[in-house]
Colleague: 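Handing you a structure now.
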Amino acid sequence: MTEANTQSVEKCAALARLDVTPEEARQLSADFDRIFEAFRGLSELDVTDVEPMIGAGKRENVLREDRTAESLATAKLMDPAPKVEDDLFSVPKTVDTGS
Amino acid sequence: MSPTFDHDGVALRQSVLDGKRRVQEVAQATLDAIEAHADLNAFLAIEPEAVLARAAQLDDSLAAGHEPGALFGIPVALKANLCYEGHEVNCGSKLLAGYRPPYTATVVKRLLAAGALPISATNMDEFAMGSSGENSAYGPTLNPWAREYAPGGSSSGSSVAVAAAMVPMALGSDTGGSVRQPASFCGVTGFKPSYGRVSRYGLVAFGSSLDQISPLARSVRDIDLLTTCISGADPADSTCLAQGPILPETREDIRGLKLGIPEQSFGEGLDDGVRARVEEAIEALVALGAERVPISLPHSEHAVATYYVVATAEASSNLARFDGVRFGQRLEGDGSLAAMMAATREAGFGDEVKRRILLGTHVLSSGYYEAWYGKAQRVRTLILRDFERAFEQCDTIVCPTSPTPAFRFGERTADPIAMYLSDVLTVPASLAGLPAISLPAGVVDAPTGSLALPVGLQMIAPALADAKLLNVARVFQASTDFHRAAPPTFAQEPCA
């Protein structure tokens with residue numbers, strides 16, 4: 001039994017907000033079969049009592065002074081946006097009001 | 001015999017301060033070199049007027065008696081994932097075509113403060129995902145040693161810009177080897193600092209626990225200069241350690257230095273020519289008084305799998321921001337928000353980026369998280385412990401940077417695993433957060449024709465021992481000439 005099939009690829013695609021055609025889903029499913037087969041050794045390794053490594057490098061909290069400073073100007077941040085209305089990012093409607 | 005280069009950033013800066021040339025002449029010569037080598041496709045979206053305007057400002061400031069910074073007048077190419085306000089930063093992707101960031105990365109601000117001449121932006125595998133340059137949405141960069149061979153990736157353009165003497169220095173990013181491996185394929189020096197020594201603020205994120213902005217140059221002398229400039233604490237990046245910049249250590253005597261030779265790095269699958277060149281390079285260090293110590297990194301056989309689980313998981317999260325809302329290209333889809341995002345991402349991302357996002361989504365999804373991502377995080381600990389145990393017996397680990405020299409375009413694109421295995425020798429240091437450098441170590445014959453392809457020697461040091469690592473690398477280059485070799489078809493003149 002394979003880990004990834006076209007249904008699981010399509011489910012991941014929906015989670016990741018990616019459109020995939022049926023042909024792409026088939027190809028990706030075949031890719032993932034090969035990839036997870038190659039990763040089998042990892043999945044079979046015994047890691048009992050081994051702590052996970054979260055991040056890399058020295059684990060220390062890096063703090064900074066709690067003081068007010070200028071942020072990036074809103075207009076500048078909005079400038080690269082594809083669609084702006086009244087200083088807001090404009091997107092298709094998300095709530096169905098029935099109207 | 002190959003022609004040799006004999007210029008570097010340090011010498012270039014001195015020639016400007018000595019009055020032998022103005023920064024505007026350096027800038028024009030750099031732009032001319034980039035145009036002359038446009039066929040290599042190393043650069044995307046250059047702004048010549050901005051470069052010349054900055055050069056004029058630098059000349060004026062010198063004439064006015066202002067103190068010149070440590071990188072005064074030196075052209076430094078920037079990979080297309082480093083934010084530089086007002087310049088196009090497209091990460092090698094169609095999704096960010098035309099995107100101009102509203103802010104500048106900390107490392108670029110530091111270059112500007114030091115008087116450098118940043119040249120944005122170099123070609124790269126899309127969103128830093130690739131090992132050959134073939135995943136760029138703008139066509140691959142060509143290897144100046146042999147144009148039908150890949151220059152490596154993902155920092156293809158930065159590596160080639162230095163190798164072809166368009167610029168003396170460049171910045172790339174290294175997540176699993178993306179500066180070291182192209183440095184090895186192009187015959188230049190590429191250094192990945194310890195994780196946390198260089199701010200990632202303004203680097204478009206791929207794998208946040210792995211990414212490090214990394215310098216490329218022809219020599220360790222230039223790498224030292226660039227590293228000191230860009231490294232050190234940054235309040236804008238809480239993963240950047242509260243330490244000062246990496247300062248060079250100069251210890252010319254390496255007698256007694258213990259070189260760890262990992263058995264797993266010299267096993268089956270290592271190209272015979274690469275093995276021979278790396279053995280010769282190690283002998284050069286032994287001739288200076290270093291000692292070989294056999295070591296073992298037993299979990300390194302799982303490093304590629306561990307890396308591709310962790311990195312793709314982090315990428316699936318980091319690339320979620322590219323949804324057509326705040327920046328980048330946008331397709332409307334069928335009118336719903338979800339459809340707009342899906343259509344935008346489908347059209348904007350290339351195949352490898354989509355593959356990795358989906359892989360990362362799968363390993364983080366309910367029912368698979370512990371089996372894959374949780375497991376990979378624990379194996380990452382085992383890989384780090386292997387290194388810590390090894391460093392109880394040795395000072396510096398030496399091995400090849402890549403099991404093969406550059407491969408032909410198209411040779412590994414059909415099978416993702418074949419491409420992922422290109423990184424087998426670079427990902428362990430990335431997973432462990434250790435400093436690592438690739439140094440030119442001679443050439444081998446290409447499989448066909450009469451071409452020569454460079455080979456890289458990799459050195460790895462304990463966490464935060466960046467200065468010690470750079471010292472050993474500098475001593476190696478002081479007694480060898482490999483880093484002075486140039487691609488055979490390139491002229492001997494310096495870039496400016």
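A quick note: this is a predicted structure, and the numbers were derived from the prediction, not measured. Values reported hereafter were calculated over all heavy atoms of this structure, with side chains retained and with hydrogens, waters and symmetry mates removed.
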Colleague: Answer yes when B:R385 and B:E388 have at least one side-chain N-carboxylate O distance shorter than 4.0 Å, and no when they do not.
Modeller: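 Looking at B:E388 together with B:R385, the answer is no, because their closest N to O distance does not fall below 4.0 Å.
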
Colleague: Taking only residues at least two apart or on different chains, which pairs with a member in residues 321-346 of chain B satisfy side chain to side chain donor-acceptor pair (under 3.5 Å)?
Modeller: B:N318-B:R321, B:R330-B:E332, B:D334-B:S336, B:E346-B:K354

Colleague: Can you tell me which of B:D351, B:V325, B:L364 forms the most heavy-atom pairs within a distance under 4.5 Å of chain A?
Modeller: B:V325

Colleague: Answer yes or no: does atom CD of A:E44 have more than 12 heavy-atom neighbours from other residues, nucleotides or ligands under 6.0 Å?
Modeller: yes

Colleague: Which of parallel (below 30°), tilted (30 to 60°) and perpendicular (above 60°) describes B:F349 and B:F127?
Modeller: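 Judged by the thresholds at 30° and 60°, the geometry between B:F349 and B:F127 is perpendicular.
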
Colleague: With side chains defined as the heavy atoms from C-beta onward, is the minimum distance between A:F39 and B:H302 less than 4.5 Å?
Modeller: no

Colleague: Please identify, among A:V62, A:V47, A:L18, the residue contributing the most non-hydrogen atom pairs under 4.5 Å to chain B.
Modeller: A:L18

Colleague: Name the member of A:P52, A:P80, A:A13, A:A14 that forms the most heavy-atom pairs with chain B at distances under 4.5 Å.
Modeller: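 If we count pairs closer than 4.5 Å to chain B, A:P52 comes out on top.
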
Colleague: Given heavy-atom pairs under 4.5 angstrom as the criterion, report whether the side chain, backbone, both or neither of A:R64 touches chain B.
Modeller: side chain

Colleague: Whether A:D31 and A:R34 form a salt bridge (side-chain N of Lys/Arg under 4.0 Å from carboxylate O of Asp/Glu) is what I want to check.
Modeller: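 Looking at A:R34 and A:D31, the cut-off is met.
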
Colleague: Against chain A, label B:L384 side chain, backbone, both or neither, depending on which of its atoms sit under 4.5 Å from a heavy atom there.
Modeller: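 Only the side chain of B:L384 comes within 4.5 Å of chain A.
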
Colleague: By a 4.5 Å heavy-atom criterion (distance strictly below it), what part of A:E24 contacts chain B: side chain, backbone, both, or neither?
Modeller: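 For A:E24, the side chain is the part near chain B, not the backbone.
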
Colleague: Under 4.5 Å heavy-atom distance to chain A, tell me which part of B:T306 shows up: side chain, backbone, both or neither.
Modeller: both

Colleague: Taking side chain as everything from C-beta outward and backbone as N, CA, C, O, which of these in B:R380 sits under 4.5 Å from a heavy atom of chain A? Side chain, backbone, both or neither.
Modeller: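 When you check distances to chain A, atoms from both the backbone and side chain of B:R380 fall under 4.5 Å.
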
Colleague: Identify which part of B:V310 has an atom lying under 4.5 Å from any heavy atom of chain A, answering side chain, backbone, both or neither.
Modeller: neither

Colleague: Under 4.5 Å heavy-atom distance to chain A, tell me which part of B:A414 shows up: side chain, backbone, both or neither.
Modeller: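 Just the backbone, heavy atoms under 4.5 Å.
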
Colleague: For B:E85, is it the side chain, the backbone, both, or neither that has a heavy atom closer than 4.5 Å to a heavy atom of chain A?
Modeller: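 Only the side chain of B:E85 comes within 4.5 Å of chain A.
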
Colleague: Can you tell me which portion of B:M340 sits under 4.5 Å from chain A's heavy atoms? Options are side chain, backbone, both or neither.
Modeller: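 Contact with chain A: side chain only.
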
Colleague: Side chain, backbone, both or neither: which part of B:Y99 has an atom under 4.5 Å from a heavy atom of chain A?
Modeller: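 The answer is the side chain of B:Y99.
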
Colleague: Under 4.5 Å heavy-atom distance to chain A, tell me which part of B:A343 shows up: side chain, backbone, both or neither.
Modeller: both

Colleague: With no hydrogens and no angle check, just 3.5 Å: does a side-chain donor-acceptor pair link B:S199 and B:D234?
Modeller: yes

Colleague: Which atoms of A:L42 are under 4.5 Å from chain B, going by heavy atoms: the side chain, the backbone, both sets, or neither?
Modeller: both

Colleague: Under 4.5 Å, counting heavy-atom pairs only, tell me which of B:I383, B:T361, B:L210, B:T239 racks up the most with chain A.
Modeller: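 Most pairs with chain A among the choices: B:T361.
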
Colleague: Would you check if the distance from the ring center of B:Y201 to the ring center of B:Y103 is below 6.0 Å?
Modeller: yes

Colleague: Does any backbone or side-chain atom of A:E10 lie under 4.5 Å from a heavy atom of chain B? Answer side chain, backbone, both or neither.
Modeller: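 Neither part, no heavy atoms under 4.5 Å.
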
Colleague: Would you call the rings of B:Y373 and B:Y369 parallel, tilted or perpendicular, taking 30° and 60° as the class edges?
Modeller: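 The rings of B:Y373 and B:Y369 stand perpendicular, inter-plane angle above 60°.
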
Colleague: Can you tell me how the ring of B:Y84 sits relative to the ring of B:H87, calling it parallel under 30°, perpendicular over 60° and tilted otherwise?
Modeller: parallel

Colleague: Could you tell me which portion of B:L359 (side chain, backbone, both or neither) has an atom closer than 4.5 angstrom to a non-hydrogen atom of chain A?
Modeller: both

